[in-house]
Amino acid sequence: MSTAEPRRVIATVCLSGTLEDKLAAAAAAGFDGVEIFENDLIASAAAPAEIRQRCADLGLTVDLYQPFRDFESVPPELLRANLRRAERKFDVMEQLGADLVLVCSTVSPDAVDDDELAAEQLRLLAERAAARGMRVAYEALAWGRFVNTYEHSWRIVRRADHPALGVCLDSFHVLSRGGDPALIRTIPGEKLFFLQLADAPRLDMDVLQWSRHHRLFPGQGSFDLQTFIGNVLSTGYAGPLSLEVFNDVFRQADPKPAAVDAMRSLRLLEEQLGFPVAEPAPRLSGHAFVELAVDRESGARIAGTLAALGFEATGEHGSKPVRLWEQGGARVLLNAKSETPGSAEIGALAVESADPSSSALRAEAMHAPILPRTRGPEEANLASVAAPDGTEVFFCGAGSGSWLADFAGAGAAPVPGLGITGIDHVALTQPFDHFDEATLFYRSVTGLRPEPIAEYAAPFGMVRTRGVADPTGAVRLALTGTLVRRGEWAPAVRDPQHIAFACDHVLAAARTLRERGAPVLRIPDNYYDDLDARLDLGEEVLAQLRANSVLYDRDEHGEYLHVCTEMLGSRIFFELVQRIGGYAGYGVPNAPVRMAAHRRQRLAAGSG
Ligand code: MG
Ligand code: MG
């Protein structure tokens, strides 16, 4: 494997905005070049020569002009028109400073199924291009009328046999059709003119619709791009890695962060391919703390609930209005910095890293924005980065890290604990537009592994959820997003977040919480009747779950007991969870019941 870094290119079609917006975003994210999509240029008021200058000023090369459609295998009179069209586009490319054009395999009803004719006409096009110092990359669209596999496009290119004609490989077109990427190795590297990369989720749908709406940046879908590119690089291909992603979300998202997301995906991919990108992600051994931003009202309610849960206020920060609450290995910081009445949300989460400074260096290499830190002269210097949803992510040393020294004893009256041993997971609702970006962020920056996606119908919309976790389960985040969020009907808690505490005896804890008058979320009888019908847990167990509003789930590895509090502020509730055996999930089947219960609670409180 060569260690020379590949050039990184992005197609303007990946990003939202005018051509000028897209170029600025691509440059700011550190791309070396762009593929200019014809429609972006046509809509621009800037002449191609001005765009060329703009790119040069931004440090971007124009690596490809695309697409040129429906050229080959046509009757003579159409060929004349197509060659004229090509010459006009070569004029544009000349001014743009682009020397490579993408020709997609034809979908035209006027074309005929004749490889020899296709080769002959593409050769003619290549001759015209070569005369102007340009080259042609022929791409097999997955839905091409006659040519829809890369093997077929290569057969035609080989038959045409012109030095200015080569193949463009697009991972989507190859992998969406289940093509065998191993045959790529049979193509000489100098005939591979361009490589376009896109990932995608596995969807059983029309391939054109799949391509136009659901492509993703590498690492966000389920294609095996590592093997695919490995085959391409083994041919000696030394051209750029270029992202070409058509996606409904990216098309309308702020292009600046979208371009950073794109760059992060390429960096992770390069690392998987063996390029030196960053230090490997240090091992994470647990959640160090979660910090909640609260105001006086929510702060009092949350503090009261933490006390009922058996937490102790063990420290006050030396220079900020922050109080530390602890039980077992679970630590919650209440930061009274919010000025919005009743608001409560997760401001920061901290993970214990085997090497916090390496974690921070890796985060930087993965284009995570490092956050400025205001601290007193004696305080711990914790590195933190901003996740896509704005959550601050800290890297702390393992054990009772130095940050604890920032807190002086508060000496609150101790309450008997409830067997809470630590933080099991933190659940963060992502705006839908950031869902894939968030997964990729945690995967690339922290090394947490994405778990399978689950989708379910919740009372107020379709919800998608996915865990990211370290291999031992010591750090787990549950990322959740609604698939559509439109209109004013918003009876649910908007973007709820929760901290799930690991607890040895959830049933006993729930009973104690009830006795203490803690705000436990009431679960309706219908839920338990259904549980009985589905799982036959026995009368005794069922009665205990029902009496204490404990939710239950099981998978092939084990069982899961969990109990939730009511909403304790605008977005926050707590959960106690008990994993029995190797249960690896998050109680997803129970989430709709919990959401409806939170809605009832809000209506009862007159705030729904
Ligand atoms: Mg393509
Ligand atoms: Mg949970």
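Quick note: residue numbers are just sequence positions, from 1. Every number for a ligand or one of its atoms is a count from 1 in the order of the listing.
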Could you tabulate the donor-acceptor pairs under 3.5 Å formed by side-chain atoms of residues 227-237, not counting sequence neighbours?
unit_1	atom_1	unit_2	atom_2	d
Thr227	OG1	Asp224	OD1	3.1
Thr227	OG1	Asp224	OD2	2.5
Asn231	OD1	Arg185	NE	2.6
Asn231	OD1	Arg185	NH2	3.4
Asn231	ND2	Pro181	O	3.2
Asn231	ND2	Thr227	O	3.1
Ser234	OG	Arg185	NH1	3.4
Ser234	OG	Asn231	O	2.7
Thr235	OG1	Val232	O	2.6
Thr235	OG1	Tyr237	N	3.2
Tyr237	OH	Leu195	N	3.2
Tyr237	OH	Pro240	O	2.7

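- Listed by first and then second residue, the ring-ring contact (aromatic ring centres under 6.0 Å, His included) pairs involving residues 75-124 amount to none (not counting sequence neighbours).
- Cation-pi contact between Arg251 and Phe246: absent, since separation from the ring centre below 6.0 Å together with deviation from the ring axis within 45° is not met.
- Screening the protein for N, O or S atoms under 2.8 Å from the Mg ion (ligand 1) yields 4; no waters enter the count.
- Residue pairs meeting the side chain to side chain donor-acceptor pair (under 3.5 Å) criterion with at least one partner in residues 186-198, sequence neighbours excluded, are Glu35-Gln196.
- Note that the CZ atom of Arg215 and the SG atom of Cys14 stand 9.0 Å from one another [nearest 0.5 Å].
- Annotation: cation-pi pair Arg135/Phe193 present, NZ/CZ under 6.0 Å from the ring centroid and within 45° of its normal.
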